[in-house]
Amino acid sequence: MRPSSTRVLPALVLAMLAFSVVQTAVVPILPSLARELDVSGSSITWLMTANLLSAAVLTPLLGRFGDLRGRKPMLLVSLGGLVAGSALAVGTHSFTWLVVARVLQGAGGGVLPLAISIVRDELPKEKVTGGVAAISASMGVGSGLGLVATGLLLEHWDYKSIFWMGLGFGLLAVALVALRVPTDPVVDKNGGADPLGALTLAGWLSALLIAVSQGNTWGWTSNRTLGLFAVAAVVALAWGIIEVKVKHPLVDMKMMARPAVAFTNISGLLIGFGMYGSFMVISNFAQTPEKLAHYGFTASVLHAGVMLLPSAVGSMVAAPVGALLIARRGPRLPLVLGGVLGSAAMVYLALRHSAEGDIYFASAVFGLGVGLAYAAMPAYINGAVPAEQSGIANGMNAVLRTVGGAVGTAVMAAILTGDTMKLPIPVQLPTLDAYKHAFWVAAAVCLVAAVVPFAIRRIKETPAPVEATASPELVKTDA
């Protein structure tokens, strides 16, 4: 007998919220952390780079281990890393150990593919679409809430309170998962380990993300940056060859080449670019001192976070709306709508940005778009892969969202730093045109994400009894 969705789903949603809050909560306080820890502005960015890198590497590995050994144990390992990292961050005043703590917190990235697989395995068939949509949308909700929570905590306490929040969230998620999530029966008994595939995957992702994250600091044409891009390309090629040759690959390349998986991953990369890049640009724009720049709102960290809060509300609304659209029309419509709404929000900000209401409105529309897109991606992937590959397939989609986010943040930072005003103070502020260009770039990327789904074959469910475990069949259409 399958467990009630009201018992399992809240635990999985909380686990997803815990990771997304922890991942984004430090973004608004990076400048103050640099002063507190007495490190340079370029060095402090490693707190985000280390976390993104860890999440990108560990997410597919934990997803695949979940396929092989059971999803619940790996979900507890993932949350355990988040808790351990938060505890270390609370107890240290060393920048080096704080970077280590952020690496440990990155293990929480495994929550997304593992939770989606658990929903697919454990919930009644009619509840799966809504459950997957709720978990996926929780990523956008948590990101928005993390920015607001950071501002609220810093109004009354120091930066350690941010990590105390992560520790509390993580412990509560561990307790609920341990008590409410049953041990899942779906394991890939015929699968095997692929240590070389895991090593090369970690290698090219590490080289790529470090190059992207540090490109603005080192220079995009520096030997270090170009060298890391070259290493990433060579190791990625080697990884692909290995995965085709080995008997039990970490990532089945035939699965990754399926249109529903490949094009959904491209959409994930583009939406990740738009989401993380736009959050950074909007937050920076809101905090710009209006008297100096003649734009912006001189917002505090809290005020800037509140301006982005509508994005969390929009993502929350998107979960049930996305599930309804998927059930009635399939995943293409919400994925297309997600890109269109994200693009529309950025176009709006490029044209209108003089009032706080403009930020609130655009943030809500953008959050709704991201939530719809994130709800649709697992539906496409789960419809194209067997249950025993669900963890790794959704894990790779999560990785590409992370890579897209890293690229988006780097590109937006390059746009803003490439066009600054001359002021009689040592602080450099981007021109208003730089922000407009950033909004237009984000709009274009989201629009491309809206077009990509039309290359995906439509997923059509084959008639089956409720207890059947057959995966949806892919049927080629004219779309």
Side-chain angles (χ1 to χ4, degrees), residues 17-55 79-109 139 141-173 213-214 216-217 276 279-289 297-309 311-312 405-406 409 413 427:
L17 284 172
F19 171 67
S20 55
V21 165
V22 164
Q23 187 177 50
T24 58
V26 302
V27 174
I29 62 169
L30 288 178
S32 58
L33 276 176
R35 293 190 296 270
E36 182 81 23
L37 299 171
D38 193 24
V39 297
S40 67
S42 58
S43 296
I44 202 67
T45 59
W46 280 101
L47 293 181
M48 274 308 297
T49 302
N51 185 261
L52 289 173
L53 182 57
S54 172
L79 290 171
L82 189 150
V83 168
S86 300
L88 177 59
V90 165
T92 186
H93 292 279
S94 161
F95 172 67
T96 301
W97 283 110
L98 199 55
V99 171
V100 173
R102 291 290 287 168
V103 170
L104 290 172
Q105 286 181 330
M139 193 166 186
V141 173
S143 297
L145 291 178
L147 297 173
V148 177
T150 296
L152 283 170
L153 291 171
L154 288 183
E155 289 279 306
H156 304 285
W157 296 284
D158 64 8
Y159 77 92
K160 292 283 185 182
S161 60
I162 309 300
F163 299 113
W164 276 111
M165 173 184 67
L167 181 60
F169 257 119
L171 288 172
L172 182 57
S213 300
Q214 299 301 311
N216 283 316
T217 302
Y276 286 97
F279 274 3
M280 185 202 76
V281 172
I282 293 173
S283 180
N284 287 359
F285 183 89
Q287 294 180 65
T288 301
F297 304 103
T298 323
S300 64
V301 172
L302 173 59
H303 192 184
V306 170
M307 286 184 176
L308 285 167
L309 184 59
S311 69
T409 303
V427 177

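Throughout, numbering of the chain's residues begins at 1 and tracks the sequence. If you're wondering where the values come from, they're calculated on a predicted model, not measured in any experiment.
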Please report the closest heavy-atom contact between Ala18 and Gly170, naming both atoms and the distance. CB-N, 4.4 Å

Gap separating the CG atom of Leu53 from the CE atom of Met48, nearest 0.5 angstrom: 11.5 Å

Locate the shortest heavy-atom distance separating Thr24 from Gly146; write the atom from each residue and the value. OG1-CA, 4.1 Å

For Leu154 and Leu302, run side chain to side chain contact (heavy atoms under 4.5 Å, CB included): C-alpha distance rounded to whole Å, both residues' side-chain angles, the deciding distance at 0.1 Å, then the answer. CA-CA 8 Å; Leu154 288 183; Leu302 173 59; over 6 Å; no

Please find the pair of heavy atoms, one from Lys160 and one from Val90, that lie closest to each other, and give the distance. NZ-O, 3.2 Å

Of the non-hydrogen atoms in Val99 and Ala50, which two are nearest, and what is the gap between them? CG1-CB, 3.8 Å

Apply side chain to side chain contact (heavy atoms under 4.5 Å, CB included) to the pair Trp97 and Val100, showing each step before the final yes or no. CA-CA 5 Å; Trp97 283 110; Val100 173; 4.0 Å; yes

Just verifying a value: how many Å separate Leu37 CG and Tyr159 OH, rounded to the nearest 0.5 Å? 4.5 Å

Gln23 vs Ser143, test: side-chain hydrogen bond (donor to acceptor under 3.5 Å, both in side chains). Steps then yes/no. CA-CA 8 Å; Gln23 187 177 50; Ser143 297; 5.6 Å; no

Have a look at Val39 and tell me which of Thr45, Leu33, Leu98, Ile44 forms a side-chain contact (heavy atoms from CB on, under 4.5 Å) with it. Ile44

If we ignore hydrogens and angles and just use 3.5 Å, is the side chain of Thr92 paired with the main-chain N or O of Ala89 as donor and acceptor? no

Specify the closest pair of heavy atoms between Leu52 and Ala406, including all atoms of both residues, with the distance to one decimal. CD1-CB, 4.1 Å

Say you draw a straight line from CD of Gln214 to CH2 of Trp46; how long is it, rounded to the nearest 0.5 Å? 4.5 Å

Rounded to the nearest 0.5 Å, how far does CG of Leu88 lie from CG of Leu167? 11.0 Å

Which distance, rounded to the nearest 0.5 Å, do you find between the OG of Ser161 and the CG of Leu152? 10.0 Å

Candidate pair Phe285 and Phe297, rule side chain to side chain contact (heavy atoms under 4.5 Å, CB included), full reasoning: CA-CA 8 Å; Phe285 183 89; Phe297 304 103; 3.7 Å; yes

Using only heavy-atom distances, determine whether the side chains of Gln105 and Ser54 contain a donor-acceptor pair under 3.5 Å. no

Tell me if a side-chain donor or acceptor on Ser283 pairs with a main-chain N or O of Phe279 at a distance below 3.5 Å. no

Spell out, as yes or no, whether a donor-acceptor pair under 3.5 Å connects the side chain of Arg102 to the backbone of Leu47. yes

